[in-house]
Amino acid sequence: MTDYTHLIYEVDADHICWLTLNRPEKLNAMNLKLIAELQAGLERADADDDVNVIVIQGAGRGFCAGHDLDEDAEEDRSSVYEYRAHYFKQFDEFTTPWRVTKPVIASVNSIAIGKGFELSLFCDITIASDDTRIGYNEVRYGISGHCMFLPWLVNMKTAKDLLLTGRELTAAEAKEMGLITDVVPLEELKEATHKKALLMARMPREMQRMHKMYLNRVYEMQGLKTATDYYLEQVAIMGANPVPEYEEFSKSTIEKGLKATLKEANARYEGLD
């Protein structure tokens with residue numbers, strides 16, 4: 001795939017591939033097409049001898065506002081088996097930053113919620129603007145996370161706090177927890193990302209690839225893959241048989257629109273964060 005609808009693919013003279021999530025009107029919310037295009041772009045860059053490092057960034061006002069809830073509300077959940085197969089395929093596509101052999105940097109501007117947050121976790125390095133807010137707020141609407149790398153990056157109390165409340169973090173909080181590598185002012189994000197990418201691009205390529213694969217295997221040998229496979233089975237069942245809160249959320253999204261539905265859903269948590 002070399003033609004994209006929701007992704008911009010660029011390689012500069014410094015051997016850096018810039019992949020830009022390009023749905024700014026939706027705050028780069030992930031629909032199925034964008035997820036597939038991102039996988040294709042990452043695999044293309046991984047195979048390109050002119051690329052040493054890959055950067056994922058978001059067009060417009062935010063990195064990624066999560067899953068496209070309008071599309072999600074319309075999904076066919078009539079068959080548990082078919083929904084499970086669909087979910088596992090989407091997971092395979094979505095975790096491509098972890099699987100490609102070249103280093104991947106997430107350059108996060110302002111928003112990384114839900115799938116946007118998880119995408120940043122799969123990347124090797126995350127550089128975020130100081131106004132960024134991140135988290136799993138979708139759990140407040142009865143929507144499970146897509147994957148679960150979080151317990152491997154933070155301590156148990158922190159993982160439970162984030163997942164059992166759905167609260168959002170500031171960039172400074174996230175860096176202190178180890179979820180973000182560097183935090184910079186928004187106006188310096190592009191420059192800081194380029195500097196980090198340039199440093200990584202000048203490293204011996206085969207050394208980079210060997211160490212990325214080794215470090216990934218360390219976590220997988222500790223049980224990361226087994227744990228995520230278990231989580232996927234749970235989520236596939238829950239996705240095909242949604243909790244009552246999410247059934248109501250989906251129905252309201254179709255009838256009233258996403259903006260009104262989010263306003264109603266968030267009202268119950270007002271003043272508690």
How about [X] and [Y]: do any of their side-chain heavy atoms sit closer than 4.5 Å?
X	Y	result
Phe88	Asp92	no
Arg133	Ile113	yes
Glu173	Thr170	yes
His15	Asp50	yes
Cys17	Val53	no
Ser252	Glu264	yes
Leu38	Leu119	yes
Ile56	Leu42	yes

Is atom [atom1] of [X] surrounded by more than 12 heavy atoms (other residues, nucleotides or ligands) closer than 6.0 Å?
X	atom1	value
Glu270	CD	no
Gln222	CD	yes
Arg202	CZ	no
Glu43	CD	yes
Glu176	CD	no
Tyr269	OH	yes

Is the closest basic N to carboxylate O distance between [X] and [Y] below 4.0 Å?
X	Y	result
Lys225	Glu220	no
Lys89	Glu93	yes
Asp161	Arg167	yes
Arg84	Glu233	yes
Asp48	Lys102	no
Glu206	Arg209	yes
Asp273	Arg140	yes

| request: Determine, step by step, whether Leu169 and Leu179 satisfy the side-chain contact (heavy atoms from CB on, under 4.5 Å) criterion, reporting the C-alpha distance in whole Å, the side-chain angles of both residues, the deciding distance to 0.1 Å, and the verdict. | output: CA-CA 10 Å; Leu169 300 173; Leu179 296 170; 3.9 Å; yes

Nearest 0.5 Å, what's the [atom1]-[atom2] distance between [X] and [Y]?
X	Y	atom1	atom2	value
Cys64	Lys115	SG	NZ	9.0 Å
Tyr231	Leu150	OH	CG	10.0 Å
Leu19	Ile105	CG	CD1	11.5 Å
Phe63	Thr126	CZ	OG1	7.5 Å
Asn52	Met200	CG	CE	10.5 Å
Arg99	Asp46	CZ	CG	10.0 Å

Is there a continuous path of hydrophobic side-chain contacts, each under 4.5 Å between heavy atoms, that joins [X] to [Y]?
X	Y	answer
Val183	Ile125	no
Leu163	Tyr230	no
Leu69	Leu32	no
Leu27	Leu189	no
Val108	Ile54	yes

| query | Are Asn109 and Ser129 linked by a side-chain donor-acceptor pair shorter than 3.5 Å? | reply |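 Side chains of Asn109 and Ser129: no pair found under 3.5 Å.
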
Heavy-atom pair with the smallest gap, counting every atom of [X] and [Y]:
X	Y	value
Ala29	Leu34	O-CD2, 3.9 Å
Tyr9	Val11	CE2-CG2, 3.7 Å
Thr193	Ser107	OG1-OG, 2.7 Å
Pro24	Gly60	CB-CA, 4.2 Å
Leu121	Phe149	O-CD2, 4.3 Å
Asp131	Ser110	OD2-OG, 2.8 Å

| task | Could you check Asn31 against Arg23 for side-chain contact (heavy atoms from CB on, under 4.5 Å), going step by step and ending with a plain yes or no? | result | CA-CA 10 Å; Asn31 61 7; Arg23 299 186 77 208; 3.4 Å; yes

| field | Derivation and outcome, salt bridge (charged side-chain N to carboxylate O under 4.0 Å, His left out), residues Lys195 and Asp182 | value | CA-CA 12 Å; Lys195 185 176 181 180; Asp182 295 313; over 6 Å; no

| field | CA sep, side-chain torsions, deciding dist, call: Asp229, Thr226, side chain to side chain donor-acceptor pair (under 3.5 Å) | value | CA-CA 5 Å; Asp229 285 349; Thr226 301; 5.9 Å; no

| query | Where does the angle between the aromatic ring planes of Tyr219 and Trp98 fall among parallel (under 30°), tilted (30 to 60°) and perpendicular (over 60°)? | reply |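 Rings of Tyr219 and Trp98: perpendicular, over 60°.
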
| Ring geometry between His194 and Trp18 (parallel below 30°, tilted from 30 to 60°, perpendicular above 60°) |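 Parallel.
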
| request: Would you sort out whether Thr132 and Asp130 count as a side-chain contact (heavy atoms from CB on, under 4.5 Å), showing the intermediate values? | output: CA-CA 6 Å; Thr132 294; Asp130 55 7; over 6 Å; no

Test your reading of the model: is there a side-chain donor-acceptor pair from [X] to the backbone of [Y], 3.5 Å cut-off?
X	Y	answer
Thr228	Leu224	yes
Glu37	Thr5	yes
Asp14	Ile16	no

| request: Give the intermediate values and the outcome of side-chain contact (heavy atoms from CB on, under 4.5 Å) for residues Thr261 and Tyr141. | output: CA-CA 10 Å; Thr261 300; Tyr141 317 133; over 6 Å; no

| Who passes side-chain contact (heavy atoms from CB on, under 4.5 Å) against Ile8, sequence neighbours left out? |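 Testing Ile8 for side-chain contact (heavy atoms from CB on, under 4.5 Å), a comparison that skips the adjacent residues, returns Glu10, Thr20, Asn22.
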
| Counterpart residues, side-chain hydrogen bond (donor to acceptor under 3.5 Å, both in side chains), relative to Asp124 (two or more places apart) |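 Residues passing side-chain hydrogen bond (donor to acceptor under 3.5 Å, both in side chains) with Asp124: Lys212.
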
| task | Could you please spell out the steps behind the ring-ring contact (aromatic ring centres under 6.0 Å, His included) verdict for Phe122 and Phe94? | result | CA-CA 9 Å; Phe122 304 148; Phe94 194 60; 5.3 Å; yes

